[in-house]
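Fair warning: this is a prediction, and the values are worked out from it, not measured in the lab.
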Amino acid sequence: MKLKTFYYVAASLLATTFFSCEKNEDDSVLNYESSTILAKSTTTFSDNFERPTNQLFDRWDNHGGCYDYSFKIQNDPANNNNKVLRVRSIMDEDNSNCNDWTSNVTSSCGGLRRRVELLPTTRAGYKEDFWIGFRLFIPNNFPNKQPSARMNLSQIIPVFNGQDGTDMKFHIDKHQELELEVRTSNTGRTNFPLGNLDRGTWNNWVIHFKRSKGNDGVAKVWKNNQLLVNHSGQTTYTTNENGMWKIGIYNGCLTDLDNDKTYDVFFDNVKLASGTNLFDLVNPAQMDNSDNSNNGDSTDPTNENSICATNNWQSFPIDSQNNTFSSEWDITPKSQNINTTITLADGNPIAWSENACIVRFKNGNISAFNETGYTNLRNFNANQTYKVKLEVDVSSKTYSIFINDQLEASNYKFRNDLPNETKINHWAIYEKNSISDLCVENFKLSSNNMNPICATTNWQSFPIVSQNNTFSSEWDITPENQNINTTVTLADGNPTTWSENACIVRFKNGKISAFNETGYTDLRNFNANQTYKVKLEVNVSSKTYSIFINNQLEASNYKFRNDLPNETKIDHWAIYEKNSSNSLCVENVNIN
């Protein structure tokens with residue numbers, strides 16, 4: 001991800017200062033003034049607000065809002081066991097002494113505008129796929145505003161010149177409903193309806209936004225995994241790389257009729273990332289801290305790894321397979337009136353014809369694609385979980401289907417659109433009609449006959465399904481001699497050096513060791529030409545892992561390497577030899 005860091009320094013200030021405009025509501029509330037935007041290096045950004053208010057800006061650059069009540073981390077209004085961010089704007093406040101460039105500014109419509117917003121340093125670059133996820137709660141006592149007023153809750157602005165140059169606004173419109181406004185031409189915008197405010201209910205929002213002046217721009221919005229906006233085309237009027245994303249409350253065109261009103265909105269599980277196919281990564285349902293009873297989630301809030309079908313293709317990388325392997329899913333249809341496919345493919349499919357193996361849940365029947373068409377295998381019931389396993393032979397271009405450990409079909413042929421397929425490196429899910437009526441969890445890949453991968457003096461890395469909770473990884477590792485220095489690792493992204501890995505197991509000079517936060521600890525000896533089954537049980541949220549060798553626990557709760565204090569996911573494994581090539585080989589990789 002390209003990082004763009006914007007610096008705004010108030011003329012009268014050289015460092016961030018904090019002050020109060022009036023008396024605190026309580027000791028946990030933070031007073032602050034908008035001043036310096038700090039530079040922080042991150043590849044993604046996330047915040048679940050599980051900390052005191054006075055630590056809020058450890059992860060955010062403050063921007064807008066001067067009152068002590070503007071931002072507060074407090075108990076979830078729907079669940080006291082969860083911490084969330086409250087943003088408050090009071091319409092009759094006097095900002096004239098707040099030293100805030102946004103205060104008491106007359107808008108073009110003749111009213112006032114006031115801003116209570118937060119700004120991270122993560123930026124939406126030009127022609128960069130930018131993903132936003134957050135949970136939003138609008139309370140039952142949220143007042144109606146005047147029809148002329150704008151109330152933005154999230155926006156992307158490509159320039160910082162005080163002009164109305166916004167590319168994207170997620171706002172409350174004049175009808176008291178939510179709306180997405182997109183810059184679809186150099187001088188005009190298009191509004192896309194997002195439905196009513198759903199007062200008193202938590203909702204999960206995901207936005208995929210690609211800033212472009214051409215036809216390759218993207219604006220997509222999902223609410224609780226349901227796609228509401230799917231725009232392709234122009235989304236900005238400038239090629240400026242510095243697209244600033246903000247969240248909070250921005251009020252424009254206020255009138256005297258809006259005075260004496262207090263507007264509160266609540267945010268949680270904010271996540272930003274750049275790249276392709278990152279819906280699952282930023283989906284706030286995957287970051288839940290609690291089981292809210294009224295949270296709007298379409299997935300089970302106790303299972304953070306559920307992936308639910310939408311009418312956009314979602315694909316997930318796996319270790320590239322060119323021989324025999326098996327893949328498994330636990331699949332739960334929520335109704336019978338669906339048309340959902342779970343597939344295996346080479347690359348990111350965007351159509352059925354780009355998949356080699358296809359299992360379909362449609363109108364109460366489970367079927368599979370056999371070269372030229374579907375064959376029904378068995379019936380299915382709503383809200384019942386089915387364990388689906390595919391045993392695949394890439395060389396013969398065939399696969400067999402098991403459902404609940406029962407063989408249902410043998411040696412079905414790959415779809416005939418792919419006669420020359422030589423590898424499988426993704427699985428995918430797609431729903432043609434309804435949204436979120438089928439969910440998948442507990443994906444498992446077993447490549448028991450995978451060609452060995454041998455270490456070289458160049459880093460080799462292999463994508464896996466992105467993991468942000470607990471999972472395990474296994475390898476059968478065979479060192480060919482003892483005088484080696486080979487590491488097998490887990491990382492976020494493609495590592496090119498040791499410091500870019502979270503979990504590291506090393507075979508060196510007859511010793512197997514593992515990295516524990518700041519250095520290696522020896523675990524046991526190893527012999528040349530003997531195979532060792534190495535298993536890592538990883539907890540991404542606690543940034544720890546345990547190491548098993550030949551089913552024997554060797555180390556518990558080792559910490560991720562300390563170069564990665566903010567790691568939020570693992571999506572690759574890697575292998576590297578410092579000295580000589582082909583002196584250690586790996587096979588039978590298994591990620592659970």
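In this structure, the side chains of Y399 and E391 stay at 4.5 Å or more apart for every pair of heavy atoms. Residues I549 and F526 fail the side-chain proximity criterion, which asks for heavy atoms closer than 4.5 Å. Using a 4.5 Å heavy-atom threshold, the side chains of V206 and V282 count as touching. Looking at heavy atoms from C-beta onward, L194 lies in side-chain contact with F170 at the 4.5 angstrom threshold. N230 is not listed as a side-chain neighbour of W222, based on a closest heavy-atom distance of 4.5 Å or more. A heavy-atom distance below 4.5 Å is found between the side chains of L553 and S546. Side-chain contact between V394 and T324: absent, with no pair of heavy atoms (C-beta onward) separated by less than 4.5 Å.
For W205 and N224, the side-chain atoms include no donor-acceptor pair closer than 3.5 Å. A donor-acceptor pair shorter than 3.5 Å cannot be found between the side chains of N458 and T456. Between the side chains of N82 and D268, at least one donor N or O sits under 3.5 Å from an acceptor N or O. A donor-acceptor contact closer than 3.5 angstrom links the side chains of K83 and N75. Side chains of D167 and T236: a donor on one and an acceptor on the other come within 3.5 Å. With 3.5 Å as the limit, one finds a donor-acceptor pair spanning the side chains of S542 and T544. At a cut-off of 3.5 Å, with distance as the only test, no side-chain donor of H572 or D492 sits close to an acceptor on the other residue.
Taking CD1 of I157 as the start and CD of Q155 as the end, the distance is 4.0 Å to the nearest 0.5 Å. Distance check, rounded to the nearest 0.5 Å: CE of M168 to CD1 of I156 gives 4.0 Å. To the nearest 0.5 Å, atom OG1 of residue T385 and atom CH2 of residue W329 are 15.5 Å apart. Considering CZ of R135 and CZ of F266, their distance stands at 13.5 Å, rounded to 0.5 Å. Rounding to the nearest 0.5 Å places SG of C454 at 8.5 Å from CD of Q460. Between atom NZ of residue K423 and atom CD of residue Q321 there is a gap of 12.0 Å, rounded to the nearest 0.5 Å.
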Checklist entry - Does the pair K387 and D330 meet the rule for a salt bridge (charged side-chain N to carboxylate O under 4.0 Å, His left out), with working shown? => result CA-CA 5 Å; K387 183 178 292 295; D330 288 345; 3.0 Å; yes

Item to check | Verdict with supporting geometry, F134 and I207, side-chain contact (heavy atoms from CB on, under 4.5 Å) | outcome: CA-CA 9 Å; F134 58 86; I207 301 172; 4.2 Å; yes

Next on the checklist: What verdict does the salt bridge (charged side-chain N to carboxylate O under 4.0 Å, His left out) test give for E537 and K535, after you've listed the backbone C-alpha separation in whole Å, the side-chain angles of each residue and the deciding distance to 0.1 Å?
Outcome noted: CA-CA 7 Å; E537 292 191 348; K535 178 181 179 181; 3.4 Å; yes

Checklist entry - Please walk me through it: do L344 and F325 pass side-chain contact (heavy atoms from CB on, under 4.5 Å)? => result CA-CA 12 Å; L344 294 171; F325 71 98; 4.1 Å; yes

Checklist entry - Where do F267 and V87 land on the side-chain contact (heavy atoms from CB on, under 4.5 Å) test, with the steps shown first? => result CA-CA 8 Å; F267 294 96; V87 179; 4.0 Å; yes

Next on the checklist: side-chain hydrogen bond (donor to acceptor under 3.5 Å, both in side chains), that's the test. Do N562 and T518 meet it? Break it down for me.
Outcome noted: CA-CA 6 Å; N562 62 347; T518 59; 5.6 Å; no

Item to check | Step-by-step side-chain contact (heavy atoms from CB on, under 4.5 Å) determination, N204 to L136 | outcome: CA-CA 7 Å; N204 298 315; L136 174 66; over 6 Å; no

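Between the side chain of N269 and the backbone N or O of N48 there is no donor-acceptor pair closer than 3.5 Å. Of the possible donor and acceptor atoms, one in the side chain of K543 sits under 3.5 Å from a partner among the backbone N and O of E567. R211 places a side-chain N or O within donor-acceptor distance of the main-chain N or O of A124, the cut-off being under 3.5 Å. N152 places no side-chain N or O within donor-acceptor distance of the main-chain N or O of S154, the cut-off being under 3.5 Å. The closest donor-acceptor contact from the side chain of N550 to the backbone of Q552 lies at 3.5 Å or more, if one exists at all. Side-chain atoms of Q314 come within 3.5 Å of backbone N or O of C308 as a donor-acceptor pair. Put simply, the side chain of T235 gets close to the backbone of S212: a donor and an acceptor are under 3.5 Å apart. Checking side-chain atoms of E577 against main-chain N and O of N485 turns up a donor-acceptor pair under 3.5 Å.
When all heavy atoms of S46 and T568 are compared, the closest pair comes out as OG-CG2, 3.6 Å. When all heavy atoms of V540 and F560 are compared, the closest pair comes out as CA-CZ, 4.2 Å. In plain terms, the two heavy atoms of T166 and P158 that are nearest each other are CA-CD, 4.4 Å. Closest approach of E517 and F515 over heavy atoms only: O-CE2, 3.2 Å. The minimum heavy-atom distance between T341 and W313, with the atom names listed, is OG1-CH2, 3.9 Å. The nearest pair of heavy atoms linking G133 to P284 is CA-CD, 4.2 Å.
Separation of the W245 and F130 ring centroids does not fall under the 6.0 Å cut-off. For F209 and W131, the distance between ring centers is not under 6.0 angstrom. For an aromatic pair to be called close, the ring centres must be under 6.0 Å apart, and W352 with Y430 satisfies this. Two rings, from H231 and F192, have their centers less than 6.0 Å apart.
No more than 12 heavy atoms of other residues, nucleotides or ligands shown are found within 6.0 angstrom of CD1 on I350.
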Show me, pair by pair, the donor-acceptor contacts under 3.5 angstrom made by side chains of residues 495-508, not counting sequence neighbours?
| unit_1 | atom_1 | unit_2 | atom_2 | d |
| --- | --- | --- | --- | --- |
| T496 | OG1 | E500 | OE1 | 3.2 |
| W498 | NE1 | T487 | OG1 | 3.4 |
| E500 | OE1 | T496 | N | 2.8 |
| N501 | OD1 | T489 | OG1 | 2.6 |
| N501 | ND2 | T497 | O | 3.1 |
| N501 | ND2 | W498 | O | 3.4 |
| R506 | NE | S513 | OG | 3.3 |

